[in-house]
Amino acid sequence: MNTPRDHTDADLFQSMLAGDEDALAALYRDRHRGIYRFALQMCGSPALAEDITQEVFMVLISGGHAFDPTRGSLTAFLLGVARNQVLRRLRREQFYVPVTEDTSANPGSEPATTGGPLDDLSRNETIESVRIAVLSLPERYREVVVLCELQELSYVETAEILGCAVGTVRSRLHRARALLIEKLRPAREEQEASEGIKSARCFA
Amino acid sequence: MNCQRFESLVSDLARQQIMEANVREQAFAHSGECEGCALRLEDERMLTFGLRALATEMKSLEAPERIEEQLLMAFRSRGFTDQSSSSTSRWRYAVVAVAASLLVVGAIAVMRSRLGWPPAANPGGNQIQHSDETAKIKTTESTPGVVDGSGHTTLPDQKRRVRPRQPRRTANSAINETASSASSGKKQFVPAATVNTNHAVTEITTAFMPVGYTTAMNLQEGGQIVRVELPRSTLVAFGMPVNMDRYNQKVKADVFFGTDGIARAIRFVQ
């Protein structure tokens, strides 16, 4: 007997439109993480990311007839809706909450330890610096970084979501990375300087 | 490979994107020779490392379970709503379609009545036509008269009947009858009027044409018809052709004045 998980996205989507609750649950469980992470990486607020995630799937439930499988994937459709929701909320509320250093509020967000405490601290600082730098980018650069670098989508997939040409995605990403390097350069130099001091202490 | 070309490729190099093998080799060879491009590539690699670490860090993040529960609750309630709303919307579309059809039919009927379409055949060519609207004019104390649909004017007091006359066709006929006024979209009014039978025997008249913003309501108030003489150039103002040889001559006209003394309609007499 086929379970909802054995079906393709198109089959699940059609089943959902026909009123199959299990199909909706399967679609949600497969897709919601990517949507939530995208929203969180764009706005930096877990509460706002939750709202946007819920809103995206409500759009799928109520306005799902707008999705055309022949025009693109369901992932691209959902991320496109999420992008519109994020931009609308950001422009309306001019909402930016820098991610706090308290990682205990986000379950499963404990940093993976690969080495000693210094390595962990360095890695955490790097991650935090990068996260803040991404959130500080202008929206049109931030979204290409989030989609291409953090969501690990291809140029083609990103262009489909943003509704622009692949060349536009490449040029925006190039410019966005240059901006990130400029933002992160002072932090990196400071970090390298502090690592030098710590190393000196180790050998003292 | 120069620095400008390398700059366009450095992001893809750091991200290990797919590119042509020879292009990749040239780029790395250039970075080995150019210190500035080498530092640039190093910056890009460090950034890529940081971004991938951030992506890995956030891979485990997900929305809380209550979001799924709320969505399923909304889906269940919407499933019930959709069935009723779809039938309601179907009724709505049907009502709109019927209303639109009635509107179109009504508009066509009004147009046909106003334009007198299909046109009545008249071998005489120039025609005097009386609009059906004239049948509705009320009688007044001073100027009673009712025009029925066939063009007969009935005067209850005088018990006279004035039949519309067929105009004689002449080569120099300067009066274009109702056909031209109909084509110009002018309404044809035949207000209740006192009739001079002496004139009616030998005269050819056009239909009454409204002057200014006259409406049927104005005509129903009653009034008087006054015979005047006007320059032939007046015909031009009413869309009627003028024989330029007789441009400076006078033409007779019957002007209908309302109870307020304002000219409401005019007809030209030959």
- [ ] Please report the C-alpha distance between B:M209 and B:R267 in whole Å, then the side-chain angles of each, then the deciding distance to 0.1 Å, and finally whether the side chain to side chain contact (heavy atoms under 4.5 Å, CB included) criterion is met.
- [x] CA-CA 6 Å; B:M209 292 168 281; B:R267 69 179 178 185; 5.7 Å; no
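- For chain B, the nearby parts of A:F57 are the backbone and the side chain; heavy atoms of each come within less than 4.5 Å.
- For chain B, the nearby parts of A:H174 are the backbone and the side chain; heavy atoms of each come within less than 4.5 Å.
- Within the 4.5 angstrom heavy-atom criterion, no atom of A:I35 approaches chain B.
- The existence of a salt bridge linking B:E57 and A:R131 is excluded, since no basic side-chain nitrogen approaches an acidic carboxylate oxygen closer than 4.0 Å.
- At a threshold of 4.0 Å, the pair B:E69-B:R66 does not count as salt-bridged, since none of the basic side-chain nitrogens sits closer than that to a carboxylate oxygen.
- Of all residues in residues 153-170 of chain A, those placing a non-hydrogen atom less than 4.5 angstrom from a non-hydrogen atom of chain B are A:Y155, A:R170.
- In summary, A:R185 and B:D43 engage in a salt bridge, as defined by a charged side-chain N under 4.0 Å from a carboxylate O.
- Ring to ring, A:H32 and A:Y36 are not that close: their centroids are 6.0 angstrom or more apart.
- Under the side chain to side chain contact (heavy atoms under 4.5 Å, CB included) rule, A:V145 has a single partner from A:E143, A:E149, A:R142, which is A:E149.
- Considering all non-hydrogen atoms of both residues, B:T206 and B:M240 come closest at CG2-CE, 3.6 Å.
- Highest contact tally toward chain A, considering only B:E44, B:Q70, B:R52, is held by B:E44 [criterion: heavy-atom pairs under 4.5 Å].
- Proximity to chain B is limited to the side chain of A:E152, based on heavy atoms less than 4.5 angstrom apart.
- The aromatic rings of A:F13 and A:F67 sit perpendicular, their planes meeting at an angle over 60°, well past the 30° parallel limit.
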